[in-house]
Amino acid sequence: MAAERLDKLVAQGGLLTRKEARERIRAGQVTVDGQVCRRPDTHVDPAVQCVALGGKTLGSLQPVLLMMNKPAGVLTAARDGRDPTFQDLLPEKYARLGLSAAGRLDKDAEGLLLLTDDGELVHRIISPRWKAEKLYSAELDRPAEPDDVPAFASGLDLG
């Protein structure tokens, strides 16, 4: 992990907002390598520097990866002014992490969403370059006809 702003690292665990992290840093409650640091914009590398909040070392800052069963009627978007999004369903400690969905499901579709703060993982899942295999199932309102199989296999244009 490269160097990041101290306030971002302190807030990354989801227990504090960035604003709360800045307040705690300015109050002298955060140390970097045992020394009090009062500047939220200080860049630190958690791979080589020890960051502590209130005397407790922050755990390794591994990427967050969650699985969610997205219900029908919910958008696979971070925010929307009209409809609920997957972000609206997250407990607050995860909602404030700014997680991204690794892929999309239509509003009326339901199924597995992977949510993460790991941009590289999202890219490897959604970019055609990496050829990540995805499996979708569809429920039809009538039995499939023999001609339907090649149509689904070659792709459907839904307009």
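These values consider heavy atoms only, across backbone and side chains, with no hydrogens, waters or symmetry-generated copies.
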Side-chain (Lys134) to main-chain (Ala132) donor-acceptor, under 3.5 angstrom:
yes

Test item: Leu140 and Phe152 side chains (from C-beta on) under 4.5 Å apart, heavy atoms
yes

Expected output: side-chain Gln87 to main-chain Leu99 donor-acceptor under 3.5 Å:
yes

Side-chain donor/acceptor of Ser127 to backbone N/O of Arg124, under 3.5 Å:
no

Examine distances only and state if a side-chain atom of Lys70 and a backbone atom of Phe86 form a donor-acceptor pair shorter than 3.5 Å.
no

Hey, does the side chain of Glu20 reach the backbone of Thr17 with a donor-acceptor pair shorter than 3.5 angstrom?
yes

A quick test of your reading: do over 12 heavy atoms of other residues, nucleotides or ligands sit less than 6.0 Å from NZ of Lys56?
no

Do side-chain atoms of Asp108 reach the backbone of Ala72 as a donor and acceptor pair under 3.5 angstrom?
no

Taking NZ, NE, NH1 and NH2 as the nitrogens, is one of them in Asp41 or Arg5 under 4.0 Å from a carboxylate oxygen of the other?
no

NE2 of His43 to NZ of Lys8, rounded to nearest 0.5 Å, is 9.0 Å

Distance-minimising heavy-atom pair for Asp88 and Pro84:
OD2-CA, 3.3 Å

Looking only at heavy atoms, which two atoms of Ala21 and Val10 are closest? And how far apart?
CB-CG1, 3.8 Å

When every non-hydrogen atom of Val48 is compared with those of Asp33, the smallest separation belongs to O-OD1, 4.4 Å

Report the C-alpha separation of Asp7 and Arg24 in whole Å, then their side-chain angles, then the decisive distance to 0.1 Å, and conclude whether the salt bridge (charged side-chain N to carboxylate O under 4.0 Å, His left out) test is met.
CA-CA 9 Å; Asp7 57 347; Arg24 301 282 287 276; over 6 Å; no

Any chance you could lay out the side chain to side chain contact (heavy atoms under 4.5 Å, CB included) test for Arg142 and Asp148, step after step, and finish with the verdict?
CA-CA 11 Å; Arg142 61 174 173 77; Asp148 293 335; 3.2 Å; yes

Report yes or no: do Leu90 and Val64 belong to one cluster of Ile/Leu/Val/Met/Phe/Trp/Tyr joined by side chain heavy-atom distances under 4.5 Å?
yes

Nearest heavy-atom neighbours spanning Ala102 and Ile126:
C-CG2, 3.8 Å

Is there a continuous path of hydrophobic side-chain contacts, each under 4.5 Å between heavy atoms, that joins Leu113 to Leu66?
yes

Approximate separation, where rounding is to 0.5 Å, of Arg39 CZ and Arg26 CZ:
10.5 Å

Interatomic distance, CG@Leu112 vs CG@Leu105, rounded to 0.5 Å, equals 8.0 Å

When you look at CG of Asp106, are more than 12 heavy atoms from neighbouring residues, nucleotides or ligands closer to it than 6.0 Å?
no

Begin with the C-alpha distance, continue with both residues' side-chain angles, and end with the deciding distance and a verdict on side chain to side chain contact (heavy atoms under 4.5 Å, CB included) for Thr31 and Val51.
CA-CA 6 Å; Thr31 60; Val51 178; over 6 Å; no

Spell out, as yes or no, whether a donor-acceptor pair under 3.5 Å connects the side chain of Thr85 to the backbone of Thr76.
no

Determine yes or no for a side-chain-to-main-chain donor-acceptor pair under 3.5 angstrom, with Thr57 supplying the side chain and Ala52 the backbone.
no

Could you grab the distance from atom OG of Ser100 to atom CG of Leu121, nearest 0.5 Å is fine?
10.5 Å

How far apart are the closest heavy atoms of Val44 and Leu6, and which atoms are they?
CG2-CD1, 4.1 Å

Assess whether side chain to side chain contact (heavy atoms under 4.5 Å, CB included) is satisfied between Leu58 and Leu53, documenting all intermediate values.
CA-CA 7 Å; Leu58 298 180; Leu53 171 63; 4.0 Å; yes

Of all the heavy-atom pairs spanning Cys37 and Ile25, show the shortest one and how long it is.
O-CG2, 3.2 Å

Tell me, with the steps shown, if Leu65 and Leu115 meet side chain to side chain contact (heavy atoms under 4.5 Å, CB included).
CA-CA 6 Å; Leu65 180 62; Leu115 309 175; over 6 Å; no

Give a yes or no on whether Met67 and Val74 share a hydrophobic cluster (residues Ile, Leu, Val, Met, Phe, Trp, Tyr; joining criterion: side-chain heavy atoms under 4.5 Å apart).
no

